[in-house]
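Notes follow the structure.
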Amino acid sequence: MNNETIKVGEATYNIANGSCSLHLSDGGTASVAIIIGSNLINDIHKNLSENSTITKYTADGVEEWQRGDLVYTGEVKLKNDFPVRIEQRQTGTDDEGNPVFSNVEAMEDVVIVEYRTPNIQDKIQSQEMQINSLTAQVAYLQMMNGVKEEV
């Protein structure tokens with residue numbers, strides 16, 4: 001059985017099915033349980049810190065939604081043996097020797113990471129970065145065209 005996934009930057013992570021509800025209103029926080037698998041926790045943390053766009057995929061690989069406005073809080077909690085999906089497994093046989101199946105929780109180690117909606121400070125910082133970038137571009141264009149800025 002497949003897991004839901006999220007793509008952050010160039011990395012795709014399997015997540016615990018049903019653990020990603022990042023549809024936040026202003027001021028809210030939410031978490032997602034990323035299955036560690038062969039990933040290193042420090043690499044996951046670094047990637048989430050450096051990339052802001054999150055794309056969520058269903059267990060069938062269909063894109064469900066994409067968000068670029070969330071802020072990774074840096075909160076990382078390790079949880080061992082966390083339920084990540086429901087699987088149907090043979091749990092025995094009946095009196096006639098026929099297999100008996102039951103729904104069983106599949107357990108994996110996960111890191112639970114937290115996101116929040118941007119606050120006013122985040123928005124101001126983003127605007128300052130845009131202004132600085134535009135100022136640098138204008139200065140470069142002026143230099144390349146031999147234009148001197150008048151005060």
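Residues take their numbers from the sequence shown, with the count starting at 1.
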Check your understanding: In chain order, what residues pass the side-chain hydrogen bond (donor to acceptor under 3.5 Å, both in side chains) check against Asp69, with sequence neighbours excluded?
Key -> Arg67

Point to revise | Counterpart residues, side-chain contact (heavy atoms from CB on, under 4.5 Å), relative to Ile124 (two or more places apart) | key: Ile120, Glu128

Practice item. Given side chain to side chain donor-acceptor pair (under 3.5 Å), test Asn17 with Arg85 step by step and report yes or no. Key: CA-CA 6 Å; Asn17 289 346; Arg85 66 184 165 279; over 6 Å; no

Check your understanding: Tell me, do Thr53 and Asn51 make a side-chain contact under 4.5 Å, heavy atoms counted?
Key -> no

Study note, to complete from the structure: Those residues at least two apart in sequence (or on a different chain) that pass side-chain contact (heavy atoms from CB on, under 4.5 Å) with Glu96 are Asp94, Asn98

Review point. Does Val71 sit in a hydrophobic cluster with other residues, and if so which ones, taking ILVMFWY side chains as linked at heavy-atom separations under 4.5 Å, directly or through other members?
Key: none

Check your understanding: Do Cys20 and Tyr115 have side chains that get closer than 4.5 Å, going by heavy atoms?
Key -> no

Study note, to complete from the structure: Cluster membership besides Ile112, Ile/Leu/Val/Met/Phe/Trp/Tyr side chains within less than 4.5 angstrom, sorted by chain and number, is Ile35, Phe82, Val84, Val110

Review point. Considering residues, nucleotides and ligands other than Glu10, do more than 12 of their heavy atoms fall under 6.0 Å from its CD?
Key: no

Review point. Can you list the residues that meet the side-chain hydrogen bond (donor to acceptor under 3.5 Å, both in side chains) rule with Thr55, with sequence neighbours excluded?
Key: Gln66

**Study point:** Listed once per pair and sorted, the side-chain hydrogen bond (donor to acceptor under 3.5 Å, both in side chains) pairs that draw on residues 101-112, sequence neighbours left out
**Key:** Thr91-Ser102

Check your understanding: Who pairs with Gln127 by side-chain contact (heavy atoms from CB on, under 4.5 Å), at least two apart in sequence or on another chain?
Key -> Gln130

Point to revise | Test log, rule side-chain contact (heavy atoms from CB on, under 4.5 Å), inputs Ile34 and Leu48 | key: CA-CA 11 Å; Ile34 298 174; Leu48 300 182; 4.1 Å; yes

Point to revise | ring pair (Phe, Tyr, Trp, His ring centres under 6.0 Å): pairs with one or both residues in residues 37-62, sequence neighbours excluded | key: His45-Tyr72

Point to revise | Pairs satisfying salt bridge (Lys or Arg N to Asp or Glu O under 4.0 Å), at least one member in residues 34-49, at least two apart | key: Lys46-Glu50

